[in-house]
Number of protein chains: 2
Amino acid sequence: MALKRVSQRSVPDEVFDQVLGDVLGGELAPGQALPAERKLAEVLGVSRPAVREALQRLSQAGLIEVRQGDTTTVRDFRRHAGLDLLPRLLLLGGTLDLKVIASILEARLLVGREVAELAARRGGAALAPRLHEAVAALREEQDPVAQQRHALTYWEHVVDGADSIVFRLMFNSLRAAYEPALPALATMLAPEVGRVSLYQALADAIGAGDPSSAGELAAELLSITKAEFAKLEEDA
Amino acid sequence: MALKRVSQRSVPDEVFDQVLGDVLGGELAPGQALPAERKLAEVLGVSRPAVREALQRLSQAGLIEVRQGDTTTVRDFRRHAGLDLLPRLLLLGGTLDLKVIASILEARLLVGREVAELAARRGGAALAPRLHEAVAALREEQDPVAQQRHALTYWEHVVDGADSIVFRLMFNSLRAAYEPALPALATMLAPEVGRVSLYQALADAIGAGDPSSAGELAAELLSITKAEFAKLEEDA
DNA sequence: GGCGGTCAAGTGGTCAGACCAGTTTGCCTT
DNA sequence: AAGGCAAACTGGTCTGACCACTTGACCGCC
């Protein structure tokens, strides 16, 4: 068991999370004005520089607009936030948002297929050893959460093989979304990581430089969880 | 001519940009330690809270790691930054990065096709009027940059019709990347926005709820700029 | 009545200095 | 060699003062 560093949350982190929760939860609507920094600091019992740090980060994330001399206003995150906001939408108030999960699984399937094709085209034989290594590690692993980590490593190699900075950064954003939620998602993802033979076949197709097969195999693999989730939603 | 607000750059913005430029430009390599906040503030001739604001934002963007009591270190942005970093990669040091443009155009084509299919499946007839409105505005427009804006409005409607938060946020990140560069990109994108009939046909396919046609038309439309760019690169 | 100028009050932006909290390194003792 | 302690360094936070911008109200002039 690996011991992790215990990290105390900083004051600006607390402020950031609180305001973000209110924005995403709808309590703070687009166009609405936030209290002045001085007021926020007073109400929250913290210093103004700490409030400023949080607000500048919220601004960077596309959730608020800060203008000197005027009140800070809430933006419509659906129009202004980028993909990096995804982790916060997935896990909101401590619970997983099922609609966001569905959207992630869908995007993962559609984009994953394209990335696998690119990897077959561009990664080819040089990529195969790393993929097979990840498959071997996945095969040896019993712990469900650790299995997910091996699968993530596998897909990291695939997206590197695609040789596209856009897809690489996209992968990072998506990984950042579900990595914190892995313990909760591991059960649902188990059937997928259980199909080691599919991971193996995809590695083979990529290594052989066969985009058509790679795309199909990737779609087949990534369809498993999407279907599992759809079934779960029907049962609920 | 619309007059835009003149915005003075703040001190934390300047610090953020400078450190970000050094990280993305390679002067600050992954694993390397940044000078202490106090040192940075002294060297840059600014206050420490301003430095902190910038560093916390850089940390949020995945470019550095800040830990209390230890030095702040540089992270490998390729592994840790998300899609929201794209604007900064596209326009680095005032010049457009051709490799990033190529990657954007490719991803735009592959993802745009999927989004158009989803929009045809989910947006359907309710989406059509807005699409046709955007097409009409595009047809009336002569200014190349303004044409791009109409095209962006068109695609915003399409991605809304896809009814997926992941693709919506993705669109926001991509738009944030090329929107500041529109004046520079307008020439290259002109053949695409000149194909109003293709935009029209795509709107029709989406309105008719025909995913197959929508995907094909979207791919055809988005292939234009990709091909133009490939040609430009060969000429250079 | 409409427009322009001025002022006050509010907002965000920045700074200096002090103090708190965590990490690392060096030195001493067992 | 290992453990403990202190110092020096790091980041984290606060207070209070001042700067810069925006908005709204009021007044004077045409």
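Numbers restart at 1 for each chain; the letters A, B, ... are given by sequence-line order, proteins then strands.
When rounded to the nearest whole Å, the span between CZ of B:Phe16 and P of C:dT14 equals 15 Å. When rounded to the nearest whole Å, the span between CZ of A:Arg57 and P of C:dG12 equals 18 Å.
The side chain to side chain contact (heavy atoms under 4.5 Å, CB included) test applied to A:Ala177 returns A:Leu86, A:Pro87, A:Leu90, A:Ile104, not counting sequence neighbours. Residues meeting the side chain to side chain contact (heavy atoms under 4.5 Å, CB included) test with A:Thr187, sequence neighbours left out: none. Not counting sequence neighbours, B:Phe171 has no partner by the ring pair (Phe, Tyr, Trp, His ring centres under 6.0 Å) test. For B:Glu42, the side chain to side chain contact (heavy atoms under 4.5 Å, CB included) partners two or more places apart in sequence, or in a different chain, are B:Lys39. For B:His80, the side chain to side chain contact (heavy atoms under 4.5 Å, CB included) partners at least two apart in sequence or on another chain are B:Arg75.
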Next on the checklist: Each nucleotide in nucleotides 5-15 of chain D should get exactly one letter: B, S or -. Can you fill that in based on protein heavy atoms under 4.0 Å?
Outcome noted: -----BBBBBB
